[in-house]
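Have a look at the structure below before the remarks.
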2 protein chains.
Amino acid sequence: MIRSDAARNRAKVLAAAEIVLGEQGLTARMDEIARRAGVGVGTVYRHFATKEALYAAIVSARVDLLLDEAARLRAAAEPQTGFFRFFAQVVADAARKKTLTDALRSAGIDVKAEQAGQRTQMREALADLLRDAQRVGAVRPDVDMPEILALLRGASMAAETGDYSGPVIDRTLAVLFDGLRPLAAHEPLPSA
Amino acid sequence: MIRSDAARNRAKVLAAAEIVLGEQGLTARMDEIARRAGVGVGTVYRHFATKEALYAAIVSARVDLLLDEAARLRAAAEPQTGFFRFFAQVVADAARKKTLTDALRSAGIDVKAEQAGQRTQMREALADLLRDAQRVGAVRPDVDMPEILALLRGASMAAETGDYSGPVIDRTLAVLFDGLRPLAAHEPLPSA
DNA sequence: GTAGAATCGGAATCAATATTCCGTTTGAAG
DNA sequence: CTTCAAACGGAATATTGATTCCGATTCTAC
C-alpha cells in the first residue's frame, strides 16, 4: 500500500521539477526543486535516487507525449502536412521548456538504456512521417534522415536557448521547410 | 619589460586552453589546461584572472578571425556567394571547436561588454552580406535578420554538439540554403 | 486509540573544482 | 656574479551543490 502522503509528495515533486527544470535546465538545484514542491530535499531523494533520475523521468514523459503526437499525425493520414507539423511540434516543445535538447547535449554520451529506446522510437516516428511526405511529394526526395535530424536538433536548440518570439520561430521554420520542399515555389513567410 | 618566460608561458597557456576548451567546452578543468600547458595552475591564474577571462580571450580571438573573413568575403565582391560562404564558415568553425555557441548559450545572459561589441560587429557583418546577397537576388527578399540569426545559431549548435560527419553538415546546409534562395530550383544536395 | 512502519525535513557530509597563497625559482639589470 | 623583483608550482582553501543520515512526524492497520 502506498501511503497517501507519499503519492501526493511524489506528484508535487514531479510538478515542481517540471517547472524548475523547464526554466533552468540541468543546472537547476535540488534545493530549489524541493522548495518549490514544498517538501524537504530528503523527500525528493526518497522518490528519485538522483537528479538525473528525476530529470530522466520528466524528459521521458515529454518524449512519450511527442511520440503520441507523431502517431496521431500519422494516423490522420495527411502525409502532406504530418511531417511538418511534427517537426514544428518538437521545436515548439523545446521552446517551451529547456530540457529536451539539454539531455541530448550534455548527457549526449551516456544515454541511459531506457532513453536510448525512446530515441530510437523518435527517430522511427520521424522517419515514417518523412517517408509519407516524400511519397506524396511534399518533401523533396533527395533529403535523408541524417540531415533531417541535424536540422531538427539545430532548430530545437536554437528555440530552446534563444529568447525568440513566436513569430521569429515561425518564420525560421518557414524558411527551413521551404528548403525541404520540392522545387515548388516558396510559401510566403508568416509576417513578423 | 615583460619577462621572457612569462611571455612564453602565456602563449603556452593560450595554446593549451584553445585545445582543451575546444574539446570540452566550458566544463574543462583549469588543472587540465595547466597540465597540458606544462605549467602550474598558479601560472594560468597569473595570466588570466578567471576561467571565464581565459575563455573570453580565446572566443574573442576566434570571433575576430571570423570577422576578418566576413570583411574579406565582402571585399571580394561576389555578393551571390559571400553570404552563404560566411554562414558555412561560421558553422564549420563551430563544428571544429566547441566554444562559440557555448558562450552564447550558457553565458547568454551576462555578456561582457567587450563581447557585446563583437556580437554587434558580427551581426552587422552578417547583415551587410545578407543585404548584398538580397540585392543581387541570391537570397529571397522576404527573410530578415532575426530568422537568419536563429538559423545560424541553430546550425552552429547542432554542428558543435553532434558528431556529424562533414558530408552531413554539407547536406544540411544545402537544404537550409535552398530555403533561403528565391524561387529558383534547388541545388542538388552534395552526396552523402 | 495505539503500535509500527514508512515517510518527512533539513542539517551534516562529501565531492568536485575554482581560486588563493606563499615558499621557491628564474630572468634582467648593473 | 649578485641582487631582487617578478613569475613559478602546486598544496591548501573556499565554495558550491549533490547526496546521505537520522531523529521527528505521519500514515495505516488493527
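Proteins get letters first, then strands, A, B, ... in listed order; numbering begins at 1 in each.
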Show me the side-chain donor-acceptor pairs of residues 7-17 of chain B shorter than 3.5 Å, one per line, residues at least two apart or across chains.
| unit_1 | atom_1 | unit_2 | atom_2 | d |
| --- | --- | --- | --- | --- |
| Asn9(B) | ND2 | Asp5(B) | O | 3.4 |

Rounded to the nearest Å, what distance is computed from the [atom1] atom of residue [X] to the [atom2] atom of nucleotide [N]?
| X | N | atom1 | atom2 | answer |
| --- | --- | --- | --- | --- |
| Asp31(B) | dT19(C) | CG | P | 11 Å |
| Tyr55(B) | dA18(C) | OH | P | 14 Å |
| Met1(B) | dG30(C) | CE | P | 12 Å |

Can you tell which of Phe86(A), Phe84(A), Phe83(A) makes a ring-ring contact (aromatic ring centres under 6.0 Å, His included) with Phe177(A)?
Phe84(A)
If I compare all heavy atoms of [X] with all of [Y], which pair ends up nearest, and what's the gap?
| X | Y | answer |
| --- | --- | --- |
| Met145(B) | Arg123(B) | CE-O, 3.5 Å |
| Ala70(A) | Ala125(A) | CB-CB, 3.8 Å |
| Gln134(A) | Arg140(A) | NE2-O, 3.0 Å |

Any side-chain to backbone donor/acceptor pair from Gln80(A) onto Ala133(A)? Under 3.5 Å, distance only.
no
Backbone of Asp93(A) reached by a side-chain donor or acceptor of Arg62(A) within 3.5 Å:
yes
Pairing residues for Arg46(A) by the side chain to side chain contact (heavy atoms under 4.5 Å, CB included) criterion, not counting sequence neighbours:
none
Check each residue of residues 2-11 of chain B for a non-hydrogen atom within less than 4.0 Å of any atom in DNA chain D, then write out the ones that pass by number, or none.
Arg3(B), Asp5(B), Ala6(B), Asn9(B)
Which of residues 33-51 of chain A have a heavy atom under 4.0 Å from DNA chain D?
Tyr45(A), Thr50(A), Lys51(A)
Distance check, rounded to the nearest 0.5 Å: Leu129(A) atom CG versus Leu73(A) atom CG?
6.5 Å
Calculate, to the nearest 0.5 Å, the distance between atoms CD and CD1 belonging to Glu18(A) and Ile33(A) respectively.
11.5 Å
At what angle, to 10 degrees, do the two end axes of the helix from dG1(C)-dC30(D) to dG30(C)-dC1(D) meet, given five pairs define each axis?
10°
Under 4.0 Å from any heavy atom of chain B: name the first and the last nucleotide of DNA chain D that qualifies, 5' to 3'.
dA5(D) to dA11(D)
Charged N-O contact under 4.0 Å between Arg36(B) and Glu23(B)
yes
Arg171(B) and Tyr164(B) side chains, donor-acceptor separation under 3.5 Å
no
Do the side chains of Leu26(A) and Ile19(A) join up, straight or via other hydrophobic residues, at under 4.5 Å, putting them in one cluster?
no
